[in-house]
Amino acid sequence: MKRFFFASFLSMACLLSQAQSAPRSIIRVGLWTLWHDKEITIAPNGPAQFRTCAACVPQALKNITVKLDNSGLTWTEDRVQIRSATELLITGSYRIAAHQESLTLTYPLRITAQPGALTIAATLPVERYVELVVAAESGAADSPESLKALAVVARSFALAPRHGHTGFDVCDSTHCQWLRWRGSAAAHAATLATAGASLWLRGSRAAAYFHQNCGGRTAAANEVWPARRGTALTNLISRTDPYCQRVGSSEWSATISRADLTQALAIDGLSPPGWKTLSVAERGESGRATILLAGATKISAEDFRLAVGRALGWNRIRSNWFEVSAQGDSFLFHGRGSGHGVGLCQTGAAEMAREGHNYREILAQYFPGATLGEVTTGAEWQSLTSAGFTLESSDSKDAAYLPSLSRALSDAESRSGLTPQGTITVRAYRSTPAFRDATLAPGWVAAFTERNQIALQPLRLLAARKLLDGTLRHEFLHVLVEEQATAQTPLWLREGLVEAWSGDASSQAQRQALSPGAINEKLARAASEADSEAAHQAAGWYAQQLLNHYGRVQVLAWLRAGVPANVLLALR
Ligand SMILES: [Zn+2]
Ligand SMILES: [Zn+2]
Ligand SMILES: [Zn+2]
């Protein structure tokens, strides 16, 4: 999905050399891990390259077929030559297909051979990954605050060190976090609004989990994964959830024959020999089954749920919170909730948001004792509310800049004659790498604005470079302009008016070499800082001409409705 954000420049030497003990800012995601594909095809979808080793010279990608064979993998280009390799590296824009499914991607891809299947791993920024998870997992009941809570949980999970995979960090199935390789505007907004924040417990970044519906009480982590998934979870206790209970009953029942169960368990190697009876042997503190007794064999209830889900579908045994009784040669399960029950209950979170709770309150309900910390340091994110805006920062010293922000906002209001329609969020990052990792903006950008959300390089850095007041005013102007803009408003006018009101636009009477259409192109796809700056100046020139000739009231009307073609022609 194409998006545009408005950026200001840092206009300074590269800041990126600062060494940081950063958490990973990219993540390797295993693609189609449940399919165990032995053959895939890849075709270019625009410029694309491939290599057979990291140090090899890239070649233009043609249509290739990759197959698993005894010694590794082989690949065929345009059906002519067959060659073997230990790895294939794809970059650029490509289409990958297997098992009647295909995806168009632009993430660097690495294909290797594992016993039994090809391993396909895509490398992407963590923030992009979080957006994909939120997009896949969001439902009709969700709203911005529940999606923000989900984004924090998905990010915390992503940053946890290990998920039991080799060749990549996380898989794209529900084993880790399910995703469909598609983003959405709502998921993007929730991800950006929480970028740089993860859950922390007693000084450590916490692994976090979510599930669809806890059935009225969440599960303690050790009920589901006995000492398996690391220490950060020991604090995740069982807790009653009044919110999902208010939404309605989550009870379910299923009748499954012993033959079907035997078959499902056999696939996972769990089938108890000659079993006839099934009962719950042990329950955890929330009431969920932890150990089942099949005949004389003990089975983990979670392994049982996953085996049945994979073989017979996830809508049968929906949770571990059930009673089971024999009914002839079948078993009747009666239970409540959906999913493992640990961490965030999505149904409850959506209801909390509907009742007016914000995402921090939602996280406090499902992760008691956890704090919302900056991803690298764990320093708590604070919200400082002022008239017209909220400053979010993990650096307590940033409160000193509140007067500068207030001044910049009122300056932007008086220059444009516009007032904010809603609360503006200003999110200040504590380092340039943190800003870059969180926003995916290049390091030469000082700040950027997307709708009513402003992201800033460190405030002390902007202040030291004497860029603070100008940058803040510029970004506030962007929010004011964006609130008025419609689908009819061209990009050059949105950027140009901000330039003009910032006082950065040239008022020279000479004609502008770039056409408005060319400016739009350059604004949307600037290759460098210089390119981008030239486009901004040209946009500012046009906007300034309009303001000079027609006045602010008329130009504001055009901001909403678009500029008539004859007006533009007269300017050129
Ligand atoms: Zn701008
Ligand atoms: Zn996984
Ligand atoms: Zn719940």
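A quick note: this is a predicted structure, and the numbers were derived from the prediction, not measured. Note that ligands are numbered from 1 as they come in the structure, with each ligand's atoms numbered from 1 the same way.
A centroid separation of 6.0 Å or more is found between the aromatic rings of Phe476 and Trp501. Ring pair His175/His163: centre-to-centre distance not below 6.0 Å.
For Asp241, the N, O or S atom closest to the Zn ion (ligand 3) goes by the atom name OD2.
Taking the Zn ion (ligand 1) as the apex, the angle formed with NE2 of His478 and OE2 of Glu495 is 90°, to the nearest 10 degrees. Angle subtended at the Zn ion (ligand 3) by Cys345 SG and Cys244 SG: 120°, rounded to 10 degrees.
For the pair Arg217 and Asp241, the salt-bridge criterion is not met [side-chain N within less than 4.0 Å of a carboxylate O]. Using a cutoff of 4.0 Å between basic side-chain nitrogens and carboxylate oxygens, Arg415 and Asp411 are scored as salt-bridged.
Among residues two or more places apart in sequence or in another chain, the side-chain contact (heavy atoms from CB on, under 4.5 Å) test is passed with Ser143 by Ser146, Ala353.
Screening Leu179, Ile27, Thr191 for a side chain to side chain contact (heavy atoms under 4.5 Å, CB included) with Val130, the sole residue that qualifies is Thr191.
Within a radius of less than 2.8 Å around the Zn ion (ligand 2), the protein N, O or S atoms are His165 NE2, Cys171 SG, His175 ND1, Cys176 SG.
Closest of all the heavy-atom pairs between Leu462 and Ala446 is CD2-CB, 4.0 Å.
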